[in-house]
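We're numbering straight along the sequence, starting at 1. Keep in mind that this is a model prediction, so the values were computed, not measured. Values below: all heavy atoms of this structure, side chains included; hydrogens, waters and symmetry mates excluded.
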Amino acid sequence: MARIETSSSRPYHLVIFGASGFTGQFVVEEVARTASEGPKGNLKWAVAGRSKQKLEKVLEQAAGVLSKPELRTEVDVIVADVGEPDSLAAMCKQAVIVLNCVGPYRFYGEPVVKACVENGAHHIDISGEPQFLEGMQLNYNSQAADKGVYIIGSCGFDSIPADMGVLYTRDQFKGTLSAVESFLTVNSGPEGGCIHDGTWQSAVHGFADSQKLQSLRRKFNHKPLPTVEVKNKKKGSLFFSSEIQQYTVPFMGSDPSVVKRTQRFLVEEHQASPVQYGAYAGIGGVGSIIKLMFAGMMFWFLVKFSFGRNLLIKHPEFFSFGVFSKAGPTRKQMEASSFQFAFYGEGYTEEQDPSQGKPNAKIRTLVQGPECGYVATPIAMVQAALTILNEPTALPKKGGVYTPGAAFAKTTLIDRLNKHGFCEHLLICIITTGKFPALEESHLIARERWNTLR
């Protein structure tokens with residue numbers, strides 16, 4: 001069972017590392033909002049990073065935004081630097097869980113994971129970088145298991161909605177679910193929206209190192225997952241989706257790899273039937289296609305060369321047609337933005353033998369939520385941490401490096417998000433309707449009322 005108690009030598013339930021970064025500042029605010037949800041109604045936490053002055057500024061900002069002046073004096077500040085292992089060790093020794101917000105993780109993530117494993121702190125990150133996530137599993141899973149430490153990656157928008165959404169769809173299906181496809185759409189308000197360029201940097205380096213990812217995966221020596229008779233049909237690189245009524249491309253994030261790792265865990269540890277998964281993202285109409293084609297051609301050409309990568313990183317707004325920027329979105333833009341995940345699954349009813357014939361039943365689930373990167377991500381990250389603190393017996397029996405689905409499959413994480421919505425943050429409600437003829441629909445709806453920014 002996970003160790004979740006604080007002590008005189010380990011005084012904090014949570015330490016937010018990288019709290020003064022763009023995403024980190026919103027994680028600080030989310031932790032402050034939910035402190036009463038900690039063990040026995042009390043959450044002990046601190047912020048950490050390289051600059052004491054910047055950390056104090058973030059606490060000052062959070063105190064003003066949330067009208068909580070006590071944050072200025074009651075939250076401790078820890079100075080720690082990725083480049084100084086001793087400072088990381090000292091930080092990890094004081095924390096039950098480290099919320100790691102320092103990216104790109106391929107450059108800055110491993111020293112934090114190493115320090116957590118060696119010093120007995122659980123680790124949660126919001127990485128969407130498969131090479132980092134799978135590398136940590138390869139290099140630290142055994143050590144983490146020996147230490148009883150949980151290293152849980154991709155606990156933000158990448159990839160809790162997708163990973164938990166697939167498990168939710170499976171659990172709602174009456175029979176054997178064989179395949180799921182998800183379709184992501186993102187909506188912005190009248191002032192538009194953008195993504196901070198930290199995500200852009202991760203994408204640039206990730207595509208540049210794609211060959212290394214393939215080499216890394218071969219080291220696992222995984223056997224192919226078993227599949228039922230009918231496999232997911234491969235779709236093209238650009239197609240019109242009848243499901244979401246817009247042009248669609250394969251989703252380029254970490255969701256497919258994270259979901260596949262979860263399915264492998266469930267097969268190997270619980271002898272479950274694996275679910276095939278395909279992920280897609282809507283891009284809109286013809287105008288969006290033209291922009292995507294130009295941006296894609298420039299990106300694929302420049303990412304191959306060092307000078308090209310430098311250009312891409314230096315001018316994210318230009319090369320992404322405004323999708324990414326160094327400034328990131330404003331609070332007003334975030335308040336007006338939202339996302340929707342539609343999951344379409346098919347499988348076999350309880351009376352049908354999966355080895356005989358084609359799937360004979362379908363299911364659809366829907367997940368809607370607030371702005372992806374800096375509202376939904378902090379909520380998901382913090383709720384994942386609170387789940388560890390409050391439900392240690394529902395976690396896997398031993399420590400290790402886990403995906404969200406593998407770690408939280410038997411917890412009430414979705415219910416926690418549901419209850420959290422009544423706190424005017426994230427609302428998840430489940431509505432089940434009838435069948436048509438073998439189509440069972442379940443809607444998982446997440447809505448956000450972010451009143452603190454109004």
Can you give me the closest heavy-atom contact between V113 and I151, atom names plus distance?
CG1-CG2, 4.2 Å
Determine whether a donor-acceptor pair (N or O, by modelled atom type, separation under 3.5 Å) exists between the side chain of E129 and the backbone of Y105.
yes
Of all heavy-atom pairs linking S288 and G284, the shortest is OG-CA, 4.2 Å
Donor-acceptor pair, side chain of S325 and main chain of P316, under 3.5 angstrom
no
State, to 0.1 Å, how close T169 and V180 come at their nearest heavy-atom pair, and which atoms those are.
CG2-CG2, 4.3 Å
Taking all non-hydrogen atoms of both residues into account, name the closest pair between A272 and V267 and its distance.
O-CG2, 3.4 Å
S51 side chain to K54 main-chain N or O, any donor-acceptor pair under 3.5 Å?
yes
Taking K44's backbone N and O only, do any of them form a donor-acceptor pair with H13's side chain (distance below 3.5 Å, no angle check)?
yes
Under 30°, 30 to 60°, or over 60°: which ring-plane class applies to H205 and F107, parallel, tilted or perpendicular?
perpendicular
Within 6.0 angstrom of Q245 CD, more than 12 heavy atoms from elsewhere
yes
I want to know whether F239 and Y280 have ring centres closer than 6.0 Å.
yes
So, do F299 and F207 have ring centers that fall under 6.0 Å from each other?
yes
Where do A376 and C372 come nearest, in terms of heavy atoms and distance?
CB-O, 3.5 Å
Rounded to the nearest 0.5 Å, what separation is found between the NE2 atom of H315 and the NZ atom of K326?
8.5 Å
Does any part of the side chain of E346, heavy atoms only, come nearer than 4.5 Å to the side chain of K358, both counted from C-beta?
no
Exercise: do D81 and S87 side chains pair donor with acceptor under 3.5 Å
no
How are the rings of H122 and Y150 set relative to one another: parallel (under 30°), tilted (30 to 60°) or perpendicular (over 60°)?
tilted
Tell me whether the rings of F220 and H222 are parallel (<30°), tilted (30 to 60°) or perpendicular (>60°).
parallel
What pairs with D158 under salt bridge (charged side-chain N to carboxylate O under 4.0 Å, His left out), at least two apart in sequence or on another chain?
none
Take atom NZ of K291 as the centre, draw a 6.0 Å sphere, and report whether it contains more than 12 heavy atoms from other residues, nucleotides or ligands.
no
Grab the two heavy atoms, one from D353 and one from Y348, that are nearest each other, plus how far apart they are.
O-CD2, 4.2 Å
Is the backbone of M136 close enough, under 3.5 Å, to the side chain of E110 for a donor and an acceptor to pair up by distance?
no
With no hydrogens and no angle check, is any side-chain donor or acceptor of T377 less than 3.5 Å from a backbone partner on F157?
yes
May I ask you to test the V249-Y247 pair for a side-chain heavy-atom distance under 4.5 Å?
no
Inspect the surroundings of OH in Y344 and state if more than 12 heavy atoms from other residues, nucleotides or ligands are less than 6.0 Å away.
yes
S241 side chain to E243 side chain, donor-acceptor N/O pair below 3.5 angstrom
yes
As an exercise, state the distance from CG of D209 to CD of Q214, rounded to the nearest 0.5 Å.
12.0 Å
Take atom NZ in K235; do more than 12 heavy atoms of anything else shown fall under 6.0 Å from it?
yes
Evaluate the criterion salt bridge (Lys or Arg N to Asp or Glu O under 4.0 Å) for residue pair R416 and E391; output intermediate values, then yes/no.
CA-CA 11 Å; R416 288 181 174 280; E391 301 181 52; 2.6 Å; yes
About how many Å separate CD1 of I78 and CD of Q94, when rounded to the nearest 0.5 Å?
4.0 Å
In the structure I gave you, are the side-chain heavy atoms of F183 and Q246 within less than 4.5 Å of one another anywhere?
no
Hey, are Y277 and S182 close enough side-chain-wise for a donor-acceptor pair under 3.5 Å?
yes
With a 6.0 Å cut-off (strictly less than), is the heavy-atom count around CZ of F251, excluding the residue itself, greater than 12?
yes
Would you say the side chain of L292 lies within less than 4.5 Å of the side chain of I289, judging by non-hydrogen atoms?
no
Over 60° means perpendicular and under 30° means parallel, so tell me whether F26 and F22 are parallel, tilted or perpendicular.
perpendicular
If you apply the rule side-chain contact (heavy atoms from CB on, under 4.5 Å), what do you find for Y402 with N141, and how did you get there?
CA-CA 8 Å; Y402 292 101; N141 186 57; 5.5 Å; no
Can you check whether A162's main-chain N or O pairs, donor with acceptor, with S159's side chain at less than 3.5 Å?
no
E134/R217 under salt bridge (Lys or Arg N to Asp or Glu O under 4.0 Å): CA gap, chis, key distance, verdict:
CA-CA 8 Å; E134 295 177 39; R217 286 174 172 166; 2.8 Å; yes
Report yes or no: does S215 contribute a side-chain atom to a donor-acceptor pair with the main-chain N or O of Q211 at less than 3.5 Å?
no
Within the distance-only criterion (no hydrogens, no angle test), does the side chain of H196 pair as donor or acceptor with the backbone N or O of G198 below 3.5 angstrom?
yes
Would you say the side-chain atoms of N187 pair up with the backbone N or O of S338, donor to acceptor, closer than 3.5 Å?
no
Which value, rounded to the nearest 0.5 Å, describes the distance between L43 atom CG and L386 atom CG?
6.0 Å
Can you list the steps and then say if L133 with Q137 is a side-chain contact (heavy atoms from CB on, under 4.5 Å)?
CA-CA 7 Å; L133 295 166; Q137 182 180 3; over 6 Å; no
Would you say Q53 has more than 12 foreign heavy atoms packed within less than 6.0 Å of its CD?
no
Assess the side chains of Q333 and E371: does a donor N or O sit below 3.5 Å from an acceptor N or O?
no
Verify the neighbour count for atom CZ of R50: are there more than 12 heavy atoms of other residues, nucleotides or ligands below 6.0 Å?
no
As a quick check of understanding, evaluate side-chain contact (heavy atoms from CB on, under 4.5 Å) for V112 and D125, giving each step before the final call.
CA-CA 10 Å; V112 187; D125 67 55; over 6 Å; no
Do P111 and P85 have side chains that approach each other closer than 4.5 Å (heavy atoms only, starting at C-beta)?
no
Determine, step by step, whether N139 and V401 satisfy the side-chain contact (heavy atoms from CB on, under 4.5 Å) criterion, reporting the C-alpha distance in whole Å, the side-chain angles of both residues, the deciding distance to 0.1 Å, and the verdict.
CA-CA 9 Å; N139 296 330; V401 179; over 6 Å; no
